[in-house]
Amino acid sequence: MGCGRVGSSLARALEKRGHSLAVIDVNVEAFRRLGPDFAGKTVKGVGFDRDVLVRAGIREADGFAAVASGDNSNILSARVVREEFGVQNVVARIYDQGRAEVYEKLGIPTVATVRWAAGQVMNRLLSDSVTPVWRDPSGMTALFQVPFDNAWAGTSVGQLEERLRVRVPFFTRIGTGEVPSADLLLQEGDVIYVATSNDRAQMVLRTLAAAPEQN
């Protein structure tokens with residue numbers, strides 16, 4: 001939901017990866033941002049309107065991203081999609097950092113940083129790819145936001161770094177960023193950022209997406 005700069009960029013990026021999608025916006029003129037080659041569905045309306053969601057195909061959806069310009073419409077849409085249609089893979093863009101922390105506690109992943117919004121939303125929606133949030137000028141190393149299986153909860157940052165041969169320079173917990181110590185234990189809902197070489201990124205993603213192997 002939302003076809004502004006972030007929503008249109010996200011839609012085009014998802015389509016390039018082979019995903020089928022629908023874009024909802026109250027302004028039909030906004031759909032021009034998708035470009036003439038966009039093959040997905042466009043639906044005029046608000047994302048918390050049940051009829052609009054049904055027309056957009058929410059009953060068959062694997063994920064939902066609320067990235068409109070208003071915090072209230074984004075969070076309301078996310079809650080309707082999750083609570084009434086049972087879609088658990090939901091992300092809401094929230095401008096107000098304080099609100100973002102509240103909704104993170106309620107179990108609704110939020111993205112509050114405009115600069116990284118499209119990349120972070122994509123990383124939360126997709127389980128088979130990872131997009132760098134920063135890359136060094138040589139293109140050899142990068143910083144990735146990487147989701148992890150809940151079975152990794154209880155693993156220390158030091159153990160994770162040693163096992164995967166990466167660095168975790170920072171993470172966010174309940175919307176607050178921190179630089180972790182080696183003995184800090186991961187918790188469900190944490191968002192970790194991993195620094196590694198580009199050629200190891202997919203291996204790191206696959207490893208963290210599954211439960212850790214027992215030694």
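None of these values were measured; they are calculated from a predicted model.
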- Got a sec, which residues hit salt bridge (charged side-chain N to carboxylate O under 4.0 Å, His left out) with Glu83, two or more places apart in sequence or on another chain? Arg79
- Partners of Arg200 by salt bridge (charged side-chain N to carboxylate O under 4.0 Å, His left out), sequence neighbours excluded?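 Listed in chain order: nothing, the list is empty.
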Which heavy atom in [X] sits nearest to a heavy atom in [Y], and how many Å separate them?
X      : Y      : value
Ala92  : Ile75  : CB-CD1, 4.3 Å
Val6   : Arg93  : CG2-NH1, 3.4 Å
Phe48  : Ser73  : CE2-CB, 3.9 Å
Phe171 : Tyr193 : CA-CD1, 4.2 Å

Return all side-chain donor-acceptor pairs below 3.5 angstrom for residues 152-161, not counting sequence neighbours, or 'none' if the list is empty.
| residue | atom | partner | partner atom | Å |
| --- | --- | --- | --- | --- |
| Trp152 | NE1 | Leu208 | O | 3.4 |
| Trp152 | NE1 | Ala210 | O | 2.8 |
| Thr155 | OG1 | Trp152 | O | 2.9 |
| Ser156 | OG | Gln159 | N | 3.0 |
| Ser156 | OG | Gln159 | OE1 | 3.3 |
| Gln159 | OE1 | Ser156 | N | 3.0 |
| Glu161 | OE2 | Val168 | N | 2.8 |

- Query: Do the side chain of Lys41 and the main chain of Ile24 share a donor and acceptor less than 3.5 angstrom apart?
  - Reply: no
- Task: Please check if the side chain of Arg167 supplies one atom and the backbone of Ala195 the other of a donor-acceptor pair under 3.5 Å.
- Result: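 The answer is no, because no donor-acceptor pair under 3.5 Å joins these two groups.
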Under 3.5 Å, side-chain donor or acceptor atoms of residues 30-39 against the rest of the protein: list the pairs with distances, not counting sequence neighbours.
| residue | atom | partner | partner atom | Å |
| --- | --- | --- | --- | --- |
| Arg32 | NE | Glu29 | OE1 | 3.0 |
| Arg32 | NH1 | Glu29 | OE1 | 3.4 |
| Arg32 | NH2 | Glu29 | OE1 | 3.1 |
| Arg33 | NH1 | Cys3 | O | 3.0 |

- Qualifying residues under side chain to side chain donor-acceptor pair (under 3.5 Å), relative to Arg50, sequence neighbours excluded: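 Counting only residues at least two positions away or on another chain, Arg50 forms a side chain to side chain donor-acceptor pair (under 3.5 Å) with Glu84.
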- Does Asp190 have any side chain to side chain donor-acceptor pair (under 3.5 Å) partners at least two apart in sequence or in another chain, and if so, which? Arg173
- Positive for side chain to side chain contact (heavy atoms under 4.5 Å, CB included) with Val166, one of Val146, Val194, Ile192: Val194
